Amino acid sequence: MADQQFEILETPIETDEVIKKVERREAGAITTFIGTVREWTKGKKTLYLEYQAYKPMAVKMLKQIDHEIQAQWPDTKLAITHRIGRLDISDIAVVIAVSSPHRKAAYQANEYAIERIKQIVPIWKKEHWEDGETWIGDQLENVPYPAGKPEIKDEES
Amino acid sequence: MADQQFEILETPIETDEVIKKVERREAGAITTFIGTVREWTKGKKTLYLEYQAYKPMAVKMLKQIDHEIQAQWPDTKLAITHRIGRLDISDIAVVIAVSSPHRKAAYQANEYAIERIKQIVPIWKKEHWEDGETWIGDQLENVPYPAGKPEIKDEES
Amino acid sequence: MITVLLFAHLQEEAKTSQIELEVDRITVDALKKDLAQRFHLSQLEHAMVAINEEFALNEDTIQSGDAVAIIPPVSGG
Amino acid sequence: MITVLLFAHLQEEAKTSQIELEVDRITVDALKKDLAQRFHLSQLEHAMVAINEEFALNEDTIQSGDAVAIIPPVSGG
């Protein structure tokens, strides 16, 4: 069901489950992006993360990303699952799977999806270090939204 | 073991097994490319495929691709498994997994790997259609090698 | 009445995830200023406001019954 | 003696996956011409030759004992 292509879960993500949602006979390529909790960021050791979401809007925004991708890469099929709650090092925070007859679109649509997630999907992470904790927002990784809808930028995470 | 990062198998590929080979605490991103057998190519219906490899050289070339990737994206870890033998529609022919602290390198190295596989790794596929069969080579998808080593081109599959 | 949802650091600063405002109509801009003052919320100038799960502009008007959420810069993925 | 491995369509055309040549030394170029004539192999001009699992150039020399493979344009992935 199309409705389950986009999920916010409070339990561990099974990558295979997300991949299964995009499998089809027309596909020649499936790309997946698996976002995992990294131990070190800019010299600081992360102990664990906490993710919070505005769930109904987050699902709605994931579907909007799907609409945007269908407009640009019409032959693709997309599934995204994001986990929230407490995540330890190496735990999977997000899985994005894209299938397509040809590989170029599968790579491009996949990368577009993660960039848009980091811009418009209301999910926040709190970093817990040995010496403190902070909700991550514009002060570290992002920049404030310009007026209106956030635009695509080329940024790392 | 580094030796098992690059494999040619005659049995179905488990995507999760390939992903596991690149998991590590430094990783914030894992990208995977899953090449599957597509039913339709340019209006022609494929019944099944047959892959053949020059196995020892294929593994050697996969390791060469790893060297090339380490030179360009030093923080990445790569694993590739290619299946040979008879494959049906939707079966997985190849899985490429790349982990990296940051996502950009994980996408770029992954796409580089599939492009290089299609250029230098001695693996061939035979398409079986309803009305015939053909080993795929320069006549359909590829171009002949120029003198010396094949170069990167931007091509679709 | 307007219900305002708070997330991330805003939730911790306000010590609540939900605020009920006794107003019938208010612009997004005025809402942000009002909340910043009364609940000492930081960096509200960098936050977006969602009305009924859609991003809104500063000039947009919130009406009684709308579901409003303050969306600080997101950091998912 | 030189052992030459064939793959894909070349294997089917030659009706064998392996050819033994009773020569001591031969250039890659001469080998391709020789094989094309004797075994009616097609599109050899588009094939690469690998000596001991490394791509070789047309001018390279193959010596007795080398493992040689004819590599038509690959189509893996």
Side-chain angles (χ1 to χ4, degrees), chain A residues 14-20 22-42 45-47 49 75 87-115 117-118 125 141 154-157, chain B residues 14-20 22-42 45-47 49 75 87-115 117-118 125 141 154-157:
Chain A
E14 298 290 337
T15 303
D16 269 358
E17 301 283 307
V18 186
I19 292 173
K20 268 197 203 96
V22 302
E23 284 175 357
R24 55 206 173 110
R25 296 172 74 83
E26 308 93 284
I30 299 173
T31 53
T32 69
F33 174 83
I34 303 166
T36 54
V37 178
R38 188 177 53 217
E39 187 165 27
W40 295 92
T41 297
K42 294 173 186 162
K45 185 177 180 176
T46 297
L47 299 180
L49 296 184
D75 269 344
L87 275 77
D88 293 310
I89 305 303
S90 288
D91 278 354
I92 297 173
V94 63
V95 174
I96 302 167
V98 177
S99 71
S100 164
H102 299 281
R103 69 179 187 278
K104 205 84 197 168
Y107 279 111
Q108 289 176 346
N110 198 302
E111 193 166 4
Y112 180 85
I114 182 65
E115 284 172 5
I117 286 172
K118 289 173 176 287
K125 76 174 167 195
E141 297 203 348
D154 193 31
E155 68 187 27
E156 283 287 297
S157 144
Chain B
E14 298 289 338
T15 302
D16 270 358
E17 301 284 305
V18 186
I19 293 172
K20 269 197 204 97
V22 302
E23 284 175 357
R24 55 208 173 107
R25 297 172 73 83
E26 309 93 284
I30 298 174
T31 53
T32 69
F33 174 83
I34 303 167
T36 55
V37 178
R38 186 176 56 215
E39 185 165 28
W40 294 92
T41 296
K42 294 173 186 159
K45 184 176 178 175
T46 297
L47 299 180
L49 294 185
D75 268 344
L87 274 78
D88 294 310
I89 305 302
S90 289
D91 278 355
I92 297 173
V94 63
V95 174
I96 302 167
V98 177
S99 71
S100 164
H102 300 281
R103 70 178 186 278
K104 206 84 197 167
Y107 279 112
Q108 288 177 346
N110 198 302
E111 194 165 3
Y112 180 85
I114 183 65
E115 284 171 4
I117 285 173
K118 289 173 176 289
K125 76 173 166 195
E141 296 204 348
D154 193 31
E155 68 187 30
E156 283 287 298
S157 146

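Just so we're on the same page: letters track the sequence lines, and every chain starts at 1. Quantities reported herein were computed from a predicted structural model and do not represent experimental measurements.
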Enquirer: Top residue by heavy-atom pair count (under 4.5 Å) with chain B, among I34(A), V98(A), I96(A), D16(A)?
Expert: I34(A)
Enquirer: Assess whether a salt bridge exists between R24(B) and E39(A), defined as any Lys/Arg side-chain N lying under 4.0 Å from an Asp/Glu carboxylate O.
Expert: no
Enquirer: Based on non-hydrogen pairs under 4.5 Å, which of T15(B), I114(B), V37(B) is most in contact with chain A?
Expert: I114(B)
Enquirer: Is I19(B) in contact with chain A via its backbone, its side chain, both, or neither, using a 4.5 Å heavy-atom distance?
Expert: side chain
Enquirer: Does any backbone or side-chain atom of E23(B) lie under 4.5 Å from a heavy atom of chain A? Answer side chain, backbone, both or neither.
Expert: neither
Enquirer: For a 4.5 angstrom cut-off between non-hydrogen side-chain atoms, does R25(A) reach R38(B)?
Expert: no
Enquirer: Please step through side chain to side chain contact (heavy atoms under 4.5 Å, CB included) for the pair T31(B) and T32(A), ending with a clear verdict.
Expert: CA-CA 6 Å; T31(B) 53; T32(A) 69; over 6 Å; no
Enquirer: Just so I understand: if I count every heavy-atom pair under 4.5 Å between each of G35(B), S90(B), A27(B) and chain A, which residue has the most?
Expert: A27(B)
Enquirer: Could you check whether any side-chain N or O of Y107(A) sits under 3.5 Å from a backbone N or O of N110(B), counting only pairs where one atom can act as donor and the other as acceptor?
Expert: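 Checked: pair present.
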Enquirer: Quick one: do R103(B) and E111(A) make a salt bridge, cutoff under 4.0 Å?
Expert: no
